[in-house]
Protein chains: 2
Amino acid sequence: MPTHYKGKPEEVQALNTYIKLSRAMDSVQACLLNGSSMKELTISQFGTMEALYHLGPLCQNELGSKILKSNSNMTTVIDNLEKRGLVRRERDTNDRRMIIINLTDTGKQLIESVFPEHTKNMVKIFSALSNEEQKTLGDLLRKLGKSINN
Amino acid sequence: MPTHYKGKPEEVQALNTYIKLSRAMDSVQACLLNGSSMKELTISQFGTMEALYHLGPLCQNELGSKILKSNSNMTTVIDNLEKRGLVRRERDTNDRRMIIINLTDTGKQLIESVFPEHTKNMVKIFSALSNEEQKTLGDLLRKLGKSINN
DNA sequence: AATGAATGATTTGCTGTCAAAACATTGTAA
DNA sequence: TTACAATGTTTTGACAGCAAATCATTCATT
């Protein structure tokens with residue numbers, strides 16, 4: 001549903017673009033969560049484990065920076081993953097402020113088993129757009145993001 | 001940070017497009033939340049009040065459908081708005097299953113005071129893109145969303 | 001009138017999310 | 001060596017978000 005606001009054209013355009021961005025994001029995430037591979041993990045758990053799988057063990061603070069989550073949120077997500085035996089916390093010996101997060105064997109097996117289907121779902125979702133369209137979309141989103149973060 | 005996954009080109013492209021979409025959405029929302037007008041309302045509270053402001057009183061279930069939130073989430077968001085005196089629940093006289101959500105005078109004044117700056121922020125954010133680019137972005141996002149929801 | 005299906009809202013249980021405060025540890029300057 | 005700043009993590013408090021179950025109400029059928 002587009003905005004019902006009636007103002008200047010650039011205001012209506014900005015509000016509508018925001019709505020479309022928000023709706024698209026919701027749709028993509030809902031579709032990903034419907035994949036059978038996402039029955040066992042929440043989006044944040046998946047992102048955390050994916051980062052550990054591809055980058056190796058990471059300091060908790062560093063992990064949070066990579067997947068753009070706050071320190072306190074990382075504590076909660078890792079608490080739940082640890083509780084399920086999917087990761088292990090390990091205090092750094094050189095700097096005891098730091099906790100290194102490792103995937104356990106169980107965690108590694110799980111992410112290895114769900115990642116292919118997740119990737120397949122992702123390809124399916126974005127195949128609605130041609131290669132050129134995906135590139136254009138990515139470029140515009142980057143431009144938008146860069147402008148905000150400067 | 002793009003994906004570190006090394007797979008087929010269409011897989012890498014899909015994952016990267018997803019990351020860009022996710023990052024852009026996070027950036028836009030963080031920027032909106034930094035606006036002084038968003039000190040008093042959360043994103044969902046704002047969306048709820050904006051919908052009520054532009055569309056008039058709505059049945060709770062209908063409101064949830066419009067802003068794409070679940071029934072249980074609507075209960076929580078409206079609980080908090082009601083607690084703050086910004087909305088009022090009113091049982092429908094014709095169908096007592098339904099609760100009509102109204103903005104209170106206080107709520108109306110608040111949304112009227114924050115909406116202009118919110119809109120201005122939105123325009124500022126999206127002015128990173130030209131009109132043509134915003135239109136292209138919107139079209140691609142719509143195409144993506146439509147494909148998923150069919 | 002009675003019964004079951006459908007609908008709207010709440011509750012329960014769980015996870016996520018963040019800012020601010022608090023705590024523990026390390027680094028730096030005096 | 002001491003004091004303070006900086007850093008990493010947790011805790012606290014609050015709100016968001018959803019699925020499933022539950023409750024109340026309405027609708028349709030018999």
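When reading the values below, keep in mind they use all heavy atoms of this one structure, side chains included, and skip hydrogens, waters and symmetry mates. The chains referred to below are lettered A, B, ... by the order of the sequence lines, with proteins before strands, and numbering in each begins at 1.
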A.B. asks: Suppose we screen for side chain to side chain contact (heavy atoms under 4.5 Å, CB included). Which residues come up paired with A:Gln45, at least two apart in sequence or across chains?
C.D. replies: A:Leu41, A:Thr42, A:Val77, A:Asn80, A:Leu81, A:Arg84

A.B. asks: To the nearest Å, how far apart are B:Asp92 CG and C:dT7 C1'?
C.D. replies: 13 Å

A.B. asks: Is B:Ser44 touching bases, backbone alone, or none of the nucleic acid, heavy atoms closer than 4.0 Å?
C.D. replies: sugar-phosphate

A.B. asks: State which residues pass side chain to side chain contact (heavy atoms under 4.5 Å, CB included) with A:Ser127; sequence neighbours excluded, sorted by chain then number.
C.D. replies: none

A.B. asks: Tell me, please, which residues at least two apart from B:Thr119 pass side chain to side chain contact (heavy atoms under 4.5 Å, CB included).
C.D. replies: A:Tyr5, A:Glu11, A:Leu15, B:Phe115

A.B. asks: To the nearest Å, how far apart are B:Met25 CE and D:dA16 C1'?
C.D. replies: 14 Å

A.B. asks: With heavy-atom distances below 4.5 Å as the criterion, would you say the side chains of A:Leu103 and A:Leu110 are in contact?
C.D. replies: no

A.B. asks: Determine whether B:Leu63 and B:Ile78 satisfy the following criterion, side chain to side chain contact (heavy atoms under 4.5 Å, CB included), listing intermediate values before the conclusion.
C.D. replies: CA-CA 10 Å; B:Leu63 178 51; B:Ile78 291 171; 4.2 Å; yes

A.B. asks: Could you work out how much the helix from C:dA1-D:dT30 to C:dA30-D:dT1 bends, comparing the axis of its first five pairs with that of its last five, to 10°?
C.D. replies: 0°

A.B. asks: Which is more 5' along DNA chain C, the nucleotide nearest B:Asn71 or the one nearest A:Asn73? Just name the residue.
C.D. replies: B:Asn71

A.B. asks: Examine distances only and state if a side-chain atom of B:Glu90 and a backbone atom of B:Ile99 form a donor-acceptor pair shorter than 3.5 Å.
C.D. replies: no

A.B. asks: Which whole-number value in Å describes the distance from A:Met74 CE to D:dT10 P?
C.D. replies: 10 Å

A.B. asks: Any base atoms under 4.0 Å from B:Thr42, or only sugar-phosphate, or nothing? Heavy atoms, all strands.
C.D. replies: sugar-phosphate

A.B. asks: Expressed as a whole number of angstroms, how long is the span from A:Gln45:CD to C:dC14:P?
C.D. replies: 14 Å

A.B. asks: How many Å lie between CD on A:Glu90 and C1' on D:dG8, as a whole number?
C.D. replies: 16 Å

A.B. asks: Nearest to the side chain of B:Lys69 - C:dT17, D:dG17, C:dT10?
C.D. replies: D:dG17

A.B. asks: Can you figure out which of C:dG16, D:dT9, D:dA16 approaches the side chain of A:Asn80 most closely?
C.D. replies: C:dG16

A.B. asks: Please state how far atom CD1 in A:Ile78 lies from atom P in D:dT11, giving the value in whole angstrom units.
C.D. replies: 13 Å

A.B. asks: What one-letter contact string describes nucleotides 21-27 of chain C from 5' to 3', where B marks a base within less than 4.0 Å of any protein heavy atom, S marks contact via sugar-phosphate atoms alone, and - marks no contact?
C.D. replies: ----BB-

A.B. asks: Whether the side chain of A:His54 engages the backbone of A:Glu50 through a donor-acceptor N/O pair (distance < 3.5 Å, no angle test) should be reported.
C.D. replies: yes

A.B. asks: Would you say A:Ser22's side chain and A:Tyr18's backbone share a donor-acceptor pair under 3.5 angstrom?
C.D. replies: no

A.B. asks: Can I get a per-line list of side-chain donor-acceptor pairs under 3.5 Å for residues 137-145 of chain B, giving both atom names and the distance, sequence neighbours left out?
C.D. replies:
from, atom 1, to, atom 2, distance (Å)
B:Asp139, OD2, B:Lys135, NZ, 2.9
B:Lys143, NZ, A:Glu133, OE1, 3.1
B:Lys143, NZ, A:Glu133, OE2, 3.0

A.B. asks: Would you confirm whether A:Thr48, through its side chain, and A:Ser44, through its main-chain N or O, come within 3.5 Å as a donor-acceptor pair?
C.D. replies: yes

A.B. asks: Using heavy atoms to find the nearest nucleotide of DNA chain D for B:Ile43 and A:Asp79 separately, return the residue whose nucleotide is more 5′.
C.D. replies: A:Asp79

A.B. asks: How many whole angstroms separate atom CD1 of B:Ile67 from atom P of D:dA16?
C.D. replies: 10 Å

A.B. asks: With hydrogens left out and only the distance checked, is there a donor-acceptor pair under 3.5 Å joining B:Ser72's side chain and the base of C:dA9?
C.D. replies: no

A.B. asks: Taking the side chain of A:Arg89 as heavy atoms from C-beta outward, which of C:dT15, D:dT10, D:dT9 is closest to it?
C.D. replies: D:dT10

A.B. asks: May I have the distance from A:Asp26 (atom CG) to D:dA16 (atom C1'), rounded to whole angstrom?
C.D. replies: 13 Å

A.B. asks: Map A:Thr76 and B:Ile99 onto DNA chain C by nearest heavy atom, then report which one ends up closer to the 5' terminus.
C.D. replies: B:Ile99

